[in-house]
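Shown next, in structure tokens, is the structure this report addresses.
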Number of protein chains: 2
Amino acid sequence: MLSKKSQYAFKALEYLTLHYKQGPVLISEISKKKKIPLKFLENILLELKKAGILDSKKGKGGGYFLSKDPAKVKVATIVRLVNGPIAMLPCVSLYFYERCKNCDEKKCGLHDMMIEVRDASLGILENRTLKDLV
Amino acid sequence: MLSKKSQYAFKALEYLTLHYKQGPVLISEISKKKKIPLKFLENILLELKKAGILDSKKGKGGGYFLSKDPAKVKVATIVRLVNGPIAMLPCVSLYFYERCKNCDEKKCGLHDMMIEVRDASLGILENRTLKDLV
DNA sequence: TTTTAAGTCTATCAACTTGGTAGGTTATTG
DNA sequence: CAATAACCTACCAAGTTGATAGACTTAAAA
């Protein structure tokens, strides 16, 4: 399941997508409109900024805004960034791969099945962008 | 991601599938062969028994065994039982549904997308059984 | 140049979950 | 009745999650 943090992240990104190219948006505004705890939202937006998804301006008239076209930001990217692996097993993850202990990947039935599940999920998440959220 | 508990559960079930209709199997045997901490495995098997997946016999000559044909036990059932929801959002889960707070399901872009992801995953997990694991 | 508005950083916290252990109890079989 | 093996209750350490507090920095406006 997506963590609350991830859900908040998506709500905030949805709001910023809606206001794309309309200048910086206040954290406090997003917090109010999307009912997200202010300080928690601060952390999330900062993380998204550090990852290059958002950009910000300090001081009066400042705020956050998308650093690129929302149609170019994949949902899969956000999930990986904020929530972690999309795959159900580490040994099947593309971006967070870890070898199985005591289990040969070549003859592990679960392994193959979970690759299928991963690909099925990615088929959707890699082909949807922030623009599709609004 | 599947928890370690879930991964252990699948390993144990794989072992029991392999020994289906060959009489009770000792917890300690599964523990050794599959390298699963004994006492942890006890909990897992007991849970599977309470859910009707396994059956057991006490005393000498006892042990655990599958209570039905492994070809009739869906992987999705086990995942839900041991790991929890398959969906990425509570508001999209079939077996663990919870309403979204501050978010109208009818006009939530994430909601619709996550339904797609759920169905893509279920398309696989609901159509694979323990038999497919070995 | 001071004030004020904003994001940024550090740190802390309670509650919960995860992975695992310990030890005693009950049921079965020989 | 003795041995065996599942069952039950309780507990614990470590990590994660969701959230808050407060001080610091930057930039625009008065």
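Chain A is the first sequence line, chain B the second, and so forth, proteins listed ahead of strands; every chain is numbered from 1. These values consider heavy atoms only, across backbone and side chains, with no hydrogens, waters or symmetry-generated copies.
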Whole-Å distance between dA19(D) C1' and Gln7(A) CD?
-> 16 Å
Does a nitrogen or oxygen in the side chain of Lys50(A) sit under 4.0 Å from OP1 or OP2 of dC9(C)?
-> yes
Nearest-Å distance, CG (Leu26(A)) to C1' (dA6(C))?
-> 7 Å
side-chain N/O Tyr8(B) vs dG19(C) OP1/OP2, d < 4.0 Å = no
Atom pair distance, as rounded to whole Å: CD in Glu42(B) and P in dG24(C) | 14 Å
Quick one: label Ile27(A) by what it contacts on the DNA or RNA (base, sugar-phosphate, nothing), any heavy atom closer than 4.0 Å.
-> sugar-phosphate
Do Lys39(A) side-chain and dG22(D) base share a donor-acceptor contact under 3.5 Å?
-> yes
Leu2(A) CG to dG18(D) P: how many Å, rounded?
-> 11 Å
Identify whether the distance between the nearest side-chain nitrogen and carboxylate oxygen of Glu42(A) and Lys39(A) falls below 4.0 Å.
-> yes
Worked verdict on Asn83(B) versus Ser6(B) for side-chain hydrogen bond (donor to acceptor under 3.5 Å, both in side chains) = CA-CA 6 Å; Asn83(B) 205 71; Ser6(B) 305; 2.7 Å; yes
Can you figure out which of dT20(D), dG7(C), dT29(C) approaches the side chain of Lys60(B) most closely?
-> dT29(C)
Between dT16(D) (P) and Lys4(B) (NZ): distance, integer Å | 13 Å
Checking dA6(D), dG18(D), dT20(D) against the side chain of Ser3(A) (C-beta onward), the nearest is dG18(D)
What integer distance in Å separates Met1(A):CE from dG18(D):P?
-> 11 Å
Once you round to the nearest 0.5 Å, how far does CG of Leu41(B) lie from OG of Ser31(B)?
-> 6.0 Å
Around atom CD of Glu29(B), are there more than 12 heavy atoms of other residues, nucleotides or ligands at under 6.0 Å?
-> yes
5'-most by nearest nucleotide on DNA chain D - Lys58(A) or Asn43(B) = Asn43(B)
Taking 4.0 angstrom as the limit, do Lys131(A) and Glu14(A) come out as a salt bridge?
-> no
Round to a whole Å and report the spacing from CD1 of Ile44(B) to P of dC8(D).
-> 16 Å
Phosphate contact (dT29(C) OP1 or OP2) by Lys57(B) side-chain N/O below 4.0 Å = yes
